[in-house]
Amino acid sequence: QVQLVESGGGLVQAGGSLRLSCAASGRTFNTYAVGWFRQAPEKERDFVGVISGTGGRTYYADSVKGRFTISRDNAKNTVYLQMNSLNPEDTAVYYCAANSGALLTTHAFLYNFWGQGTQVTVSS
């Protein structure tokens with residue numbers, strides 16, 4: 001079992017930056033790929049990016065590529081989402097999720113464990 005807790009959300013002006021954290025429990029956290037997803041009001045949950053268990057590989061949605069960076073510190077059981085050049089379209093609840101298959105996948109249904117989400121609001 002893995003429990004995930006996101007933090008770091010908030011209100012930021014367009015062009016600004018935020019760093020989200022995803023803190024995990026579990027001794028084998030480094031065997032899980034961790035993805036970030038987001039859901040805006042009345043919209044479906046969208047894939048943002050994913051990082052491999054060791055942190056050596058990442059994959060991003062086109063909408064955030066070049067602006068967002070995922071990293072992880074397995075010694076701290078934490079994954080980060082650094083978000084730069086934010087715009088109002090990035091406003092959403094952001095979720096981290098882990099999959100025990102270590103899959104670098106964009107499909108939400110393949111992730112076994114989810115955090116509760118953290119709100120990010122970007123004002124224009």
Side-chain angles (χ1 to χ4, degrees):
Q1 281 281 4
V2 174
Q3 293 184 323
L4 305 172
V5 178
E6 302 96 335
S7 62
L11 174 63
V12 63
Q13 289 188 329
S17 299
L18 277 176
R19 188 178 79 158
L20 306 184
S21 298
C22 173
S25 64
R27 291 175 292 179
T28 59
F29 181 62
N30 61 356
T31 65
Y32 290 78
V34 175
W36 286 93
F37 292 79
R38 64 186 182 184
Q39 188 166 18
E42 301 181 356
K43 292 189 177 181
E44 294 187 351
R45 190 168 297 189
D46 290 333
F47 170 78
V48 172
V50 60
I51 189 167
S52 63
T54 62
R57 292 180 296 159
T58 54
Y59 179 75
Y60 299 95
D62 287 343
S63 58
V64 306
K65 200 172 295 182
R67 299 188 299 125
F68 290 12
T69 302
I70 301 174
S71 61
R72 68 190 295 163
D73 183 344
N74 284 336
K76 296 182 178 180
N77 272 14
T78 303
V79 173
Y80 305 97
L81 177 64
Q82 177 66 45
M83 305 185 294
N84 299 329
S85 302
L86 286 162
N87 58 64
E89 290 70 38
D90 295 316
T91 295
V93 176
Y94 283 71
Y95 300 88
C96 64
N99 76 75
S100 56
L103 302 173
L104 292 185
T105 179
T106 65
H107 300 296
F109 74 91
L110 291 174
Y111 288 81
N112 315 82
F113 307 102
W114 290 81
Q116 82 290 348
T118 186
Q119 176 71 47
V120 171
T121 303
V122 185
S123 63
S124 56

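Atom CG in Leu104 sits 10.0 Å away from atom OH in Tyr59 (nearest 0.5 Å). Of the inter-residue distances, the one linking Ser71 atom OG with Leu81 atom CG reads 8.5 Å to the nearest 0.5 angstrom. A distance of 8.0 Å separates CG of Asn74 from OG1 of Thr54, quoted to the nearest 0.5 Å. The structure places OG of Ser124 at 9.0 Å from CD of Glu89, a figure rounded to the nearest 0.5 Å.
In summary, of the residues considered (Thr28, Thr31, Asn112), a side chain to side chain donor-acceptor pair (under 3.5 Å) with Ser100 occurs for Asn112 alone. With Val122 as the fixed residue, the side-chain contact (heavy atoms from CB on, under 4.5 Å) test singles out one of Leu86, Leu18, Leu11: Leu86.
A distance-only check finds a donor-acceptor pair linking the side chain of Glu6 to the backbone of Gln116 [under 3.5 Å]. The backbone N or O of Ala102 lies less than 3.5 Å from a partner atom in the side chain of Asn99, making a donor-acceptor pair. Between the side chain of Arg72 and the backbone N or O of Ser52 there is at least one donor-acceptor pair closer than 3.5 Å. In this structure, Thr91 contributes its side chain and Thr121 its backbone to no donor-acceptor pair below 3.5 Å. The backbone N or O of Gly15 sits nowhere less than 3.5 Å from a side-chain atom of Asn87 that would complete a donor-acceptor pair. Between the Ser25 side chain and the Gln3 main chain, a donor and an acceptor come within less than 3.5 Å of each other.
The side-chain tip of Arg67 does not point at the ring of Tyr60 from less than 6.0 angstrom away and within 45° of straight on. Remark: Arg45 is positioned above the aromatic ring of Tyr95, its terminal NZ or CZ atom under 6.0 angstrom from the ring centre and at most 45 degrees off the axis.
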Set out, in order, the CA-CA distance, both residues' side-chain angles and the distance that settles ring-ring contact (aromatic ring centres under 6.0 Å, His included) for Phe47 and Trp36, then state yes or no.
CA-CA 6 Å; Phe47 170 78; Trp36 286 93; over 10 Å; no
Test side chain to side chain donor-acceptor pair (under 3.5 Å) on Thr78 and Asp73; report intermediate values, then the result.
CA-CA 5 Å; Thr78 303; Asp73 183 344; over 6 Å; no
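The hydrophobic cluster containing Tyr80 does not contain Val64, counting ILVMFWY residues as joined when their side-chain heavy atoms lie under 4.5 angstrom apart, directly or transitively. Both Val79 and Met83 are part of a single hydrophobic cluster, where members link through side-chain heavy atoms under 4.5 Å apart. Hydrophobic cluster membership differs between Val34 and Val50, with clusters built from Ile, Leu, Val, Met, Phe, Trp and Tyr side chains linked at under 4.5 angstrom.
Side-chain contact check for Val93 versus Thr118: every heavy-atom pair is 4.5 Å or farther apart.
Within a 6.0 Å sphere centred on NZ of Lys65, heavy atoms belonging to other residues, nucleotides or ligands number more than 12. Counted within 6.0 Å of CZ on Phe113, heavy atoms from surrounding residues, nucleotides or ligands total more than 12; the atom is thus considered enclosed.
Between Phe29 and Tyr32, the angle of the ring planes stays under 30°, which puts this pair in the parallel group of the 30/60° scheme. Ring orientation note: the planes of Tyr94 and Phe68 are tilted relative to one another, at an angle of 30° to 60°.
Here the closest heavy-atom approach between residue Ala97 and residue Leu4 is recorded as CA-CD1, 3.7 Å. Here the closest non-hydrogen pair linking Ala92 and Gln119 is O-NE2, 3.4 Å.
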